[in-house]
2 protein chains.
Amino acid sequence: MATTSGPPTRHPTGATIYSVAERAGVSIASVSRVLQGSQAVSEKTRTRVLQAAEELRYVPLAAARSLAVRQHEAHGLVLPELSGPYYSELLMGFESRAAELGQSVVLMLAQGKQDVPRAVRRLATRVDGIAMLGSSAIPDETVTALGGSKPVVLIAGDETPAADTVRAENSSSAREVTAHVIDHGRTRLLFAGDPSAGPDIRDRYAGFVAAHEEAGRKALPPVPVALREDDGTALADRLLSGELDADALVCANDELALAVMVRLREGGLVVPDDVAVVGWDDVMTARYVVPGLTTVRQPVRELGARAADLLHERITGSAVPRSAQVIPTHLVIRSSCGCAPAPPTLPAPRARPRRTQPDSPSPRTRRKRETR
Amino acid sequence: MATTSGPPTRHPTGATIYSVAERAGVSIASVSRVLQGSQAVSEKTRTRVLQAAEELRYVPLAAARSLAVRQHEAHGLVLPELSGPYYSELLMGFESRAAELGQSVVLMLAQGKQDVPRAVRRLATRVDGIAMLGSSAIPDETVTALGGSKPVVLIAGDETPAADTVRAENSSSAREVTAHVIDHGRTRLLFAGDPSAGPDIRDRYAGFVAAHEEAGRKALPPVPVALREDDGTALADRLLSGELDADALVCANDELALAVMVRLREGGLVVPDDVAVVGWDDVMTARYVVPGLTTVRQPVRELGARAADLLHERITGSAVPRSAQVIPTHLVIRSSCGCAPAPPTLPAPRARPRRTQPDSPSPRTRRKRETR
DNA sequence: CTGTTAGCGCCTTCAT
DNA sequence: ATGAAGGCGCTAACAG
């Protein structure tokens with residue numbers, strides 16, 4: 001640990017609007033006006049103020065402004081954690097939109113906090129409203145209590161009268177992947193994921209069941225596992241040992257699906273021939289693994305943006321009706337489902353960073369064939 | 001887009017310390033005392049205050065407190081964006097540590113902002129100090145100006161008298177991977193990455209050069225490409241077309257390395273036989289791809305935590321000396337470097353979420369053999 | 001142990 | 001176009 005010493009650089013007790021006013025030879029009102037651009041000011045005082053502020057390295061104190069305008073101009077966001085692309089994308093969408101709305105974002109991660117409700121209350125202290133993931137392990141009562149004092153939007157959470165809600169479409173895409181797998185002739189499908197873990201997975205299982213009904217069959221009960229790699233490995237082991245039997249697995253997310261695929265292969269089974277596997281999220285690895293993982297892509301960025309929007313509407317708009325918005329998803333077909341792998345086409349380089357783009361207005365699932 | 005209407009739920013102009021005091025029949029000072037636990041209070045008034053606060057759904061106004069205590073009790077963090085595991089891990093480490101220190105974190109993503117310096121100034125307005133990624137596209141002058149008014153810590157950035165600095169070890173691990181590849185008998189090594197893009201990559205290339213010198217050879221000049229999948233695909237194409245020649249590639253990150261591997265395979269070359277490939281970061285895909293990608297893992301979480309720590313020290317401690325901290329890394333050897341793939345050992349399920357753990361004190365690179 | 005009272009820095013009428 | 005002055009909600013002496 002190298003340590004280069006240097007001048008202890010004082011961080012001066014910042015200049016205030018008063019010192020700026022004084023130096024510029026005007027009143028604080030004028031300073032405020034030019035800095036906020038809230039009212040016409042003569043060109044002369046304008047430049048003098050600007051220069052004084054510059055020279056003094058004036059940094060306004062948001063706290064003082066907030067107190068005066070009675071607005072924090074900040075949105076709170078509560079996420080469980082940040083591993084995997086899901087939360088990151090959500091956060092990017094949220095931050096981006098919030099910034100466009102002139103709002104700062106104060107982030108809180110629930111994982112690791114010993115007293116989450118307390119942390120949330122503390123957060124509520126410095127923001128105008130809070131968006132949180134439904135599965136952030138926040139007690140319902142905390143949410144309700146919060147909803148009573150500040151606007152709250154739940155992302156992928158259960159509908160509640162205390163908050164607005166945004167979520168991605170789940171059941172119909174689940175129905176679609178499941179039907180797709182059934183079309184491949186599979187008959188013993190298993191759903192991996194715990195429907196009681198939240199509305200997302202619950203709805204996915206519902207779609208799984210619906211697809212079976214449409215095919216005149218009966219869906220097997222869900223295999224309630226968590227969604228991490230370990231759980232996938234363990235699940236595969238249960239398949240390999242014969243404890244579980246299936247010729248197709250509909251996994252509630254990609255991490256799970258990928259871990260299952262790898263372990264099955266290690267155990268001597270081949271995907272998709274012996275057992276087809278599909279997932280959810282379309283993580284980067286889904287494209288790299290062989291065979292490519294068929295999965296459902298959610299417009300997570302868009303989801304985050306909508307959350308920020310809704311929050312803002314609720315904060316500013318006086319009496320918007322409670323809304324539960326649903327955002328459409330894509331089915332991404334590769335070959336782990338049983339489809340023949342696309343020939344190596346040496347495709348053009350992948351598109352650059354995907355900006356959030358307006359999705360088709362209908363919440364219907366879209367479909368897309370991809371190489372590899 | 002379903003819209004369930006409901007009661008327009010008023011968000012009352014929150015209760016204040018005055019209303020609570022009144023309802024509890026005490027002075028505002030007492031309310032403050034019990035809520036802050038700053039001073040002894042009789043059990044009687046204590047409970048009365050607590051109850052009044054509860055009934056009124058009292059949510060203190062951080063802005064008012066901040067103004068009074070002259071502290072935001074919040075750390076700012078500026079990141080370029082959030083794709084890939086690097087930034088997320090960093091953010092998790094930062095948030096976690098900041099929370100332990102009782103600081104909120106205000107996040108700003110540079111990507112997509114049209115006026116980043118402005119956004120940073122705005123951020124500076126509501127936090128006690130700012131940590132930012134060296135490569136966040138923040139003009140040097142902005143950093144210096146900021147450093148003049150608030151504590152700033154640069155993460156993986158160039159050392160500057162205006163800020164503290166934290167970074168992961170780079171050159172010696174680069175020297176080590178490079179030497180490892182040379183030991184495999186490779187002679188035409190290429191470094192993929194742009195050393196001018198920042199100190200991280202610059203140091204990695206320096207290590208690459210050092211390893212060559214130690215082996216009594218001369219390193220080829222770097223191939224200055226960016227670090228995304230596209231760039232990797234394009235790079236592989238240059239190899240396939242013969243424009244570039246190499247039997248080993250040291251890539252500045254995994255995204256690049258993985259894209260290269262896939263494209264090379266599509267083009268008929270085999271990794272590592274025809275060309276060895278190593279990367280940096282140890283992303284999830286590195287374990288899933290075949291052959292497993294040999295790479296350098298950085299304790300990114302720890303990096304974020306250190307940044308939060310340093311920032312806090314600088315904010316509270318009166319005159320800490322400027323420091324440039326370096327955090328050690330791991331070399332993770334799989335088989336893309338030419339090592340024989342480990343036999344499928346059906347290993348025990350992977351360890352659960354890795355909490356930040358104390359690293360060995362020495363900044364020396366550690367080494368580790370992994371299956372697959 | 002409790003109440004009173006100055007500010008904290010900025011915004012915003014209200015006059016001028 | 002500009003200045004004066006009150007107030008935003010909370011903390012922290014300072015008296016009692």
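Below, chains carry the letters A, B, ... as their sequence lines are ordered, and counting in each starts from 1.
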#### Entry: Rounded distance in Å - CD (A/E73) to P (C/dC11)
9 Å

### Message
In this structure, how many angstroms lie between the C1' atom of C/dC11 and the CG atom of A/L67, rounded?
### Response
10 Å

### Query
Going by modelled atom types, is there a donor-acceptor pair between the base of D/dC8 and the side chain of B/Y18 at under 3.5 Å?
no

### Message
Would the base of C/dG3 count as contacting B/R33 through its side chain, where contact means a donor and an acceptor less than 3.5 Å apart?
### Response
yes

Give a yes or no on whether the backbone of [Y] and the side-chain of [X] come within a donor-acceptor separation of less than 3.5 Å.
X: B/E95; Y: A/L109; value: yes
X: B/D128; Y: B/Q71; value: no
X: A/Q103; Y: A/L101; value: yes

### Task
Just compare D/dA12, C/dG9, D/dC10 and give me whichever is closest to any side-chain atom of B/A29.
D/dA12

Using a cut-off of strictly less than 4.0 Å, decide whether [X] has a side-chain nitrogen or oxygen near OP1 or OP2 of [N].
X: B/Q36; N: D/dC10; answer: no
X: B/R65; N: D/dT11; answer: yes
X: B/S32; N: D/dA12; answer: no
X: A/T16; N: C/dG9; answer: no
X: A/S42; N: D/dT2; answer: yes
X: B/S30; N: C/dG3; answer: yes

### Query
When all nucleic acid strands are considered with a 4.0 Å heavy-atom cut-off, which category describes A/S38: base, sugar-phosphate, or nothing?
nothing

### Query
Reckon A/T45 touches a base, only the sugar-phosphate, or nothing at all at heavy-atom distances under 4.0 Å?
sugar-phosphate

#### Entry: Residue mapping more 5' on DNA chain C - nearest nucleotide basis, A/L61 or B/V41
B/V41

### Summary
Nearest-nucleotide check on DNA chain C, B/V26 vs B/A68; residue mapping nearer the 5' end is B/V26

### Task
Output yes when A/E54 and A/R23 qualify as a salt bridge under the 4.0 Å nitrogen-oxygen rule, no when they do not.
no

### Query
Would you call B/E73 and A/R126 a salt bridge, using N to O less than 4.0 angstrom?
no

